[in-house]
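Worksheet for the structure shown next.
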Amino acid sequence: MSSPTTPLRRDPSKRTSMFLRMMWRAAVLRRGRAASALLAMVVAAATATAMLNLYVDVQAKMRREFRNYGANIVVVGKNGGAVPRDAQAKVDSIIAGHGQAVPFAYVVATTSDGHSVVVAGTDFSAVRNLDHWWSVTSWPQASGQALLGQRAATVASPDGKAFDLTFHGKTVHFTPAGTVQTGAAEDSRIYISLNDFENWTGVQPSTIEVAAYGTTQQIGVVMTKLSQAMPEAEVRPIRQIVEGEAHVLGKTRSTLLASTALIILTAALCLLATLIGWVYDRRRDFAIMKALGASERLIRGFVAAEAAALGSIGAFAGYGIGIAVAAWIGRVNFNAPVVPRWSVLPPIFVGAVLVALIASVAPMFLLRKVQPANILRGE
Amino acid sequence: MFLRLLYESFRRQKRRKLLAGLAIMLGVTVATAMIAVATNIGDKMSRELRSYGANLVVTPEQDTLDLQIGGVELNPPSDTAYLSEADLPKIKTMFWGNNIVAFAPMLPVNVNAQGENVTMVGTYFAKKISFGNDSVTTGVIETDPWWRVDGSWPSDDSSDVLLGETLARRLGKKAGDEIEVARQMHRISGILSTSGTEDDQIFAPLSLAQQILGKPGAVRRIYVSALTKPEDALALRDPKSMGPELFDRWYCSPYVQSIAYQLQEAIPHSHAEQIRQVAQNEGTILSHINGLMLLVTLAALFAAALAVSAAMATAIFERRTEIGLMKALGAGNISVAVLFLSEAALLALIAGTLGFAGGSLLAAEIGHAIFNSNITVAPVLFPIILAIAVIVTFAGSAAAIHRAVKFDPVYALRGAA
């Protein structure tokens, strides 16, 4: 004979505290298993965080590296003329800290023995920043000093002594400060400071080479601003540099994405396996709960709450560790810290809780059909 | 008896074995794929970096100064030295010939086009060069991939020309028009746009430029696009200062310096050097990408090892009662450990083999999807990966077995572990 068991009207607060107490005890009593489940969660979250952080940040790092290729935008005068007089100032104010602009002015002058040579006037400190691949023995420091391309040097100053250059009847004396080697047109030119150049020839810069930092979109914005600020000039992308960068960066990103996806998938599956094992291990506990009268809903709620707690704690702890790992990789590989991206935390959090929930729900589904009695008997 | 236990274990507990085996297979698949990608990424990226253009230039030994402002060459042609077009195929037969992705000869000529003094450059567009029993199609289409033609590229044996964009605008010409160059009419097959000095020039097949110049077989410069290895200390040394052994090592490494050296050997009376803007930065970027992929691969291997260990630990922990039963029947700890480790080893070998195959497929798939080329897994990797799989599986199982055998059989049999 069995009397109908009426559920007693329980005090809701007592219900919650029982709930919490059971969760707490579940963690404490099975410390070993709970700890390994949490550990698996933290490791998975840390790995996923490190990878995602890297994926987002590495592109910024690589773009920085790509700027070593030099200018990606060129400003020239329309129809081959000079750029407007205030162009340099305008360009500098537009790119302000997110780039580098260098003016170049060219003429053909003659040496004292009648050889023709291209002479260029430029801003040496700016060129040094922009064109890192120039192999320069020594940069000019003072007025009257010249930087000779390695080929131009054999013609204008083969013994390293001071030399004269004549343009439109005006002769100026120069001292060679050093040579530059690039394997390109620079090797055949003589470079002097823009001041010296303008005082001597009166010719204005015809080109401003601009290296703009940022994504393709940001560079486009800079180009539009430059065009608007100087309607009398032509602003063009240096397609060799821009397209080369887009191509290589695209491939790097795809490879990194594929790797990231693989790693996160592995971490998630490993976590899933561990958690399923953990929940399955505790089937006796749930069987007892069922035998004591807990409804399906209550057990599922309990399991889900545990999963959520595990997921949250693991996600936050894992996020912290993952950021540290990503920072270490950044320092080791790029000599620059990887910026922690807060945008990575939400997906990690959601992912962690989701995996924990799936891991909990799946075994519950399988165990639903089994009678508590069988489990308690030890099957 | 031992073998029977082993066999029965696999026969009766298929589900457990399957799950554990699946985890091992997944781990090995990921590990194999990542290792394959990481070892190949250097070559693949090196190829992709060729989209920046030529990284080497070959000039005549007795070359005169370049007099060029804004694409207009001001050199009088009489005192210029030239290379020989007949020597070009030698570029592909030198030691690192296979690393030469493309090359393009250049011959600038000053011409009168429609009353204006412009520079016409003769080159190859997509010319077939034969060397030995092989042939290669090469030219500016390969060495300068950012060049765009509105219209069509001229055929290398025709007398069509390409007009640079800026020049075309100035002369009011478009694709399909005719233009008078050096007192002869030529068809403009297309308008060239490069955003460089070429926009102010005319490009023509090399033979046409040679004809106008009156120097058949002449080439002023050769631009070479080669796959190179990032510079290190050895690369920067002067080859003349090296002993024979060191020289061999330097010669047989595809540094941009050794390829330049070989180009000078192959083409008589020439001087070859790297185009620093392209060559120098390539090395840095390759180093960074390689370093990044190495670290990422290590992370992947770590994750895979964890996955396998976790799966094995779970699988063994589930069988505590079985272990308790065996111990109650008199098995020593070592016998139990040996049985379970043998199971683990067998599982690792089978799953590892399948995982290796899966990983190779995955790597090939990644290669095709991202690089449009094959990523192959070196066969020597197979025993290495298997060995690692077995070791990791052992490690994962060992901890679990160690804990499981410590349980008092009584508790295990009662089911209250």
Side-chain angles (χ1 to χ4, degrees), chain A residues 40 43 47 50-51 54 58 62 65-66 68-70 74 80 106 108 115-118 131-135 151-152 155 181-185 187-188 206 236-241 243-244 247-248 251-252 254-256 258-259 262-263 266-267 269-270 273-274 277 280-281 329 332-334 378, chain B residues 19 23 26-27 30 33-34 37 41 44-45 48-49 51-53 57 63 65-70 74 144-146 170 194-196 200 273-281 284-285 288-289 291-293 295-297 299-300 302-304 306-307 310-311 314 317-318 366 369-371 414-415:
Chain A
V43 168
T47 315
M51 289 312 304
L54 252 134
V58 153
M62 295 296 300
E65 293 296 325
F66 278 112
N68 284 329
Y69 273 101
V74 65
Y106 301 102
V108 179
H115 284 115
S116 297
V117 66
V118 174
D131 297 336
H132 292 270
W133 67 91
W134 282 25
S135 175
R151 284 199 181 167
V155 165
Q181 182 186 5
T182 65
D187 291 352
S188 299
S206 60
R236 286 202 305 248
I238 300 181
R239 292 224 317 267
Q240 175 190 13
I241 305 299
E243 285 183 18
H247 187 81
V248 175
K251 299 290 180 191
T252 311
S254 304
T255 313
L256 200 57
S259 315
L262 270 181
I263 292 172
T266 312
L269 284 170
C270 143
T274 312
Y280 193 72
D281 226 34
I329 291 182
V332 163
N333 197 40
F334 291 104
Chain B
L19 279 178
L26 181 72
V30 169
M34 287 303 303
V37 170
I41 194 88
K44 298 280 180 264
M45 274 310 173
E48 300 301 332
L49 278 164
S51 60
Y52 270 100
V57 63
D63 201 13
L65 230 50
D66 238 350
L67 270 186
Q68 198 214 79
I69 299 184
L74 306 159
D144 300 275
W146 66 92
R170 209 161 59 228
T194 71
S195 77
D200 259 309
E273 68 181 297
Q274 52 170 310
I275 298 175
R276 290 184 66 91
Q277 181 183 20
V278 178
Q280 285 295 301
N281 294 312
T284 332
I285 289 181
H288 282 294
I289 293 179
L292 183 69
M293 283 311 294
L295 290 166
V296 166
T297 304
F302 180 66
L306 275 183
T314 312
F317 205 66
E318 272 185 341
I366 292 177
I370 300 179
F371 299 104
R414 261 206 306 211

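Note: hydrogens, waters and symmetry copies are ignored here, and every other heavy atom, side chains too, is used. Chain letters run A, B, ... following the sequence lines, proteins first, then strands; residues in each count from 1. This is a predicted model, so every value here is computed, not measured.
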Where does [X] contact chain A at under 4.5 Å (heavy atoms): side chain, backbone, both or neither?
{"X": "B/Ala23", "value": "neither"}
{"X": "B/Leu26", "value": "side chain"}
{"X": "B/Ile289", "value": "side chain"}

Contact leader toward chain A among [options], where contacts are heavy-atom pairs under 4.5 Å:
{"options": "B/Met293, B/Gln280, B/Glu48", "answer": "B/Glu48"}
{"options": "B/Trp146, B/Phe302, B/Phe371", "answer": "B/Trp146"}
{"options": "B/Val296, B/Val30, B/Ile370", "answer": "B/Ile370"}
{"options": "B/Val278, B/Val37, B/Thr297", "answer": "B/Val278"}

Who among [options] has the most heavy-atom pairs with chain B under 4.5 Å?
{"options": "A/Met51, A/Glu65, A/His132", "value": "A/Glu65"}
{"options": "A/Ser259, A/Ala50, A/Ala184, A/Ala152", "value": "A/Ser259"}
{"options": "A/Gly183, A/Ala185, A/Ala258, A/Gly70", "value": "A/Gly183"}
{"options": "A/Val117, A/Val332, A/Thr255", "value": "A/Thr255"}

Examine whether an atom of [X] lies under 4.5 Å from a heavy atom of chain B, and if so say whether it belongs to the side chain, the backbone or both; otherwise answer neither.
{"X": "A/Val43", "value": "side chain"}
{"X": "A/Arg151", "value": "both"}
{"X": "A/Ser206", "value": "neither"}
{"X": "A/Ile241", "value": "both"}
{"X": "A/Val155", "value": "side chain"}

From [X] [atom1] over to [Y] [atom2], what is the distance, rounded to the nearest 0.5 angstrom?
{"X": "A/Arg239", "Y": "B/Asp144", "atom1": "CZ", "atom2": "CG", "answer": "11.0 Å"}
{"X": "B/Arg276", "Y": "A/Asp131", "atom1": "CZ", "atom2": "CG", "answer": "12.0 Å"}
{"X": "B/Gln274", "Y": "A/Trp133", "atom1": "CD", "atom2": "CH2", "answer": "13.0 Å"}

| said: When you measure from the side chain of B/Ser195 to the backbone of A/Pro237, do you find a donor-acceptor pair of N or O atoms at a distance under 3.5 Å? | reply: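 Checked: pair present.
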| Is the backbone N or O of B/Asn281 less than 3.5 Å from a side-chain atom of A/Asn68, with the two atoms forming a donor-acceptor pair by type? |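 Absent.
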| task | Return the minimal non-hydrogen interatomic distance between B/Ala304 and A/Thr266, and the atom names on each side. | result |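 Result for this residue pair: CA-CG2, 4.0 Å.
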| Contacts of B/Arg170 that satisfy salt bridge (charged side-chain N to carboxylate O under 4.0 Å, His left out) - sequence neighbours left out |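 Residues passing salt bridge (charged side-chain N to carboxylate O under 4.0 Å, His left out) with B/Arg170: B/Glu116, B/Asp200.
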| said: Are B/Ile285 and A/Met62 packed together at the side-chain level, in the sense that at least one heavy-atom pair is separated by less than 4.5 angstrom? | reply: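 In contact.
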| Side chains of B/Glu273 and A/Gln181: closer than 4.5 Å at any heavy-atom pair? |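 A side-chain contact exists here, since the closest heavy-atom pair is under 4.5 Å.
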